[in-house]
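Just below is one structure, and these are the notes that go with it.
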Amino acid sequence: MAIFCGAIALFGFSTWAALNDALAAPVTILLSGTAIFVLFTVLHDAAHYSISTHRWVNVAFGRVAMLFVSSLISFKSFAFIHIEHHRNTNDDDGSDPDHFVSGAPWWQVPFRFPLMDVPYLTFLVRNVKRRPRAEVVETSVLMAASVAVIVACALTGHLWTLALLYLIPERVAMFVLAWWFDWLPHHDLEDTQQENRYRATRNRVGSEWILTPLLLSQNYHLVHHLHPSIPFYRYVAAWRRNEDAYLERDAAIGTVFGQQLDPSEYREWKRLNGKLARLLPVRMPQRSSARAAEFHPVPVAAVDRLTADSVLIRFDMPDHLRDKFAFEPGQHITVRTDLGGEGVRRNYSICSAATSDTLEIAVKHIPDGAFSTFAMEQLQVGDTLELMTPTGSFGTPLDPLARKTYVAIAAGSGITPIFSIVQTTLAIETESEFTLFYGNRDADSTMFRHELDDLESRYADRFRIVRFHSRDPRHPEHLRGRIDRIKLEGWLPDRVDEYFLCGPVDMVTDLRDLLLERGAEPGRVHVELFHGYQKPRVAEGFTPAAVSVTLRGRHHEVSLTAGDTVLESALKSGLDAPYACLGGACGTCKAKVLLGSVAMEQNFALSAADVEAGHVLTCQSHPITPSVAVDYDV
Ligand code: FES
């Protein structure tokens with residue numbers, strides 16, 4: 001219905017513009033021809049009764065669309081002729097009306113394309129006795145009316161106007177329709193529909209991102225011949241869902257460039273080329289271009305309620321900051337604002353896909369939490385918050401050609417970084433699979449509940465969610481309660497390439513131990529904590545030190561008092577060093593030790609490789625040598 005309205009509007013516009021001399025003749029022909037081409041798809045789906053379950057709706061749309069495509073034939077006659085084409089595809093005994101082009105010698109093909117209604121009318125005349133009287137009368141009236149209009153226009157000097165507005169665009173559209181709907185899917189196939197319905201029509205595979213919208217899905221015309229009642233916009237999805245079954249039956253497949261593929265060649269072609277072809281429109285995630293984490297004011301574009309106690313905040317990123325706020329899935333940003341004269345800063349994971357152009361965070365309300373209460377109750381579209389450029393390294397590099405198995409385990413708001421990771425991974429790695437174990441109190445308290453459902457439907461073959469509910473007596477018993485070792489054991493896939501864990505400290509540390517006990521490599525178990533353990537501060541055993549700090553390209557000398565962390569000494573000296581959680585969990589305060597040594601109290605953010613490379617969390621680092629140098633810029 002949408003393309004019907006769009007095509008009628010386009011035809012109306014080009015007609016009006018041509019009548020007012022506002023468009024050159026070639027442009028009018030192009031626009032009106034495009035509109036007629038699109039209207040054929042409406043007519044085609046109407047002929048198969050796949051626009052609506054109400055028969056009269058299909059007939060109504062079909063009748064209108066038919067007038068544009070060919071005013072010589074009634075909708076009912078067209079539907080009859082077209083169904084005969086389905087029944088007898090590729091038969092050269094005259095029972096397939098479309099064989100006029102699909103079976104033509106190559107040199108006649110361009111001349112036959114714009115005359116497709118000639119074999120249709122001939123076919124109708126040959127079968128006139130089989131058709132209902134009303135249908136024959138309707139077609140006869142339409143033919144007579146069409147001839148009368150042409151003659152009238154010629155006698156009144158308007159023939160060129162009629163040709164420009166309708167006759168030429170109609171022939172141009174018919175040329176393309178015969179070429180794309182008939183010749184491309186059927187030419188040079190020897191089997192008829194009766195003999196082998198899988199080889200009487202072919203699919204053209206590859207470059208779907210451009211061909212599917214351009215051909216209105218007729219690049220998958222075989223799906224249409226196998227399942228004529230499926231509407232055109234579902235052909236590709238139907239093929240993908242049943243691909244193995246079609247290949248088992250030796251379905252006819254050609255590439256965009258005409259190469260014919262048998263099922264094993266197709267599988268190989270898909271492995272080598274298909275992924276690249278599908279990847280073209282996907283943008284790869286980039287890291288922030290900022291040298292070191294820094295704050296910028298950014299307006300709020302939307303504040304939407306996610307659950308009763310959480311909101312989704314989308315930012316309106318100014319163009320000049322886009323590169324600085326580029327992010328990888330799993331990264332987070334720190335929000336700083338002034339609430340009642342008091343500066344607060346909080347760290348939130350980015351939950352939007354890194355392949356998208358949006359930056360979103362989700363804020364869950366914490367009783368007495370200053371910022372979360374403000375976000376839930378007062379924050380409005382147009383307000384400005386100070387955002388620190390993205391930091392963190394929870395995610396893992398993605399490879400479009402990878403074929404991996406991922407598992408994520410999240411509880412409550414722990415879904416936020418994982419939601420970004422899941423969306424981005426599924427979009428980029430088109431062969432990888434993802435299983436998400438997600439724990440919540442109940443369905444209503446589940447953040448991104450509907451978005452995850454949609455994602456699961458969209459990637460049904462590669463994405464699975466196992467939902468645990470701790471306070472929902474109607475939830476299946478084996479999925480009731482919190483996620484723990486016992487529950488998880490039975491669900492984990494045998495071979496997993498990467499794990500992502502985010503949620504309460506106890507759950508995350510316990511499940512991480514479980515995965516390591518099961519043989520997972522430590523570097524493949526990625527952990528994100530929103531809060532570190534609140535360990536009592538050790539006050540003894542530390543010494544003062546001279547600390548050299550490199551921050552945003554400048555060097556500063558700082559004196560560190562015994563017991564202070566490197567971060568505290570930098571902040572006390574007035575430096576705007578980056579930090580957020582102060583608990584060793586977020587990694588925002590990461591720096592590299594260039595000289596001397598430090599001891600970290602706790603570390604939930606850096607990987608073993610990071611530590612090996614000399615990185616430390618400055619919020620947790622105490623010097624153990626008299627001089628220390630750290631660099632926040634590397
Ligand atoms: S500020 Fe979060 S780990 Fe240091």
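Atoms within each ligand, like the ligands themselves, are counted from 1 in listed order.
Only the backbone of Leu582 comes within 4.0 Å of ligand 1, counting heavy atoms alone; no side-chain atom from C-beta on gets that close. Only the backbone of Ala580 comes within 4.0 Å of ligand 1, judged by heavy-atom distances.
Proximity of the aromatic rings of Tyr406 and Phe463 is defined here by a centroid distance below 6.0 angstrom, and this criterion is not met. When ring centroids are compared, Tyr438 and Phe468 stay outside the 6.0 Å threshold.
Between His478 and Trp491, the ring planes lie parallel to each other; the angle is under 30°, not in the 30° to 60° tilted range.
The ligand atoms of ligand 1 that sit less than 4.0 angstrom from a heavy atom of Cys589 are 1 (S), 3 (S), 4 (Fe). Atoms of ligand 1 lying under 4.0 Å from any heavy atom of Ala585, numbered from 1 in the order shown and given with element: 3 (S). For ligand 1, the atoms lying closer than 4.0 Å to a non-hydrogen atom of Gly584 are 3 (S).
Judged by the shortest distance from any of its heavy atoms, Ala605 lies outside the 4.0 Å radius around the atoms of ligand 1.
Asp357 and Arg322 are joined by a salt bridge, as a carboxylate oxygen and a charged side-chain nitrogen come within less than 4.0 angstrom of each other. Residues Arg462 and Glu429 are not paired through a salt bridge, judged by the lack of any N-O separation under 4.0 Å between the basic side chain and the carboxylate.
With values rounded to the nearest 0.5 angstrom, Ile415 atom CD1 is found 11.5 Å from Leu306 atom CG.
Residue Cys586: an N/O/S atom is found under 2.8 Å from atom 2 (Fe) of ligand 1. Using a cut-off of 2.8 Å, one finds that Cys619 contributes no N/O/S atom close to atom 2 (Fe) of ligand 1.
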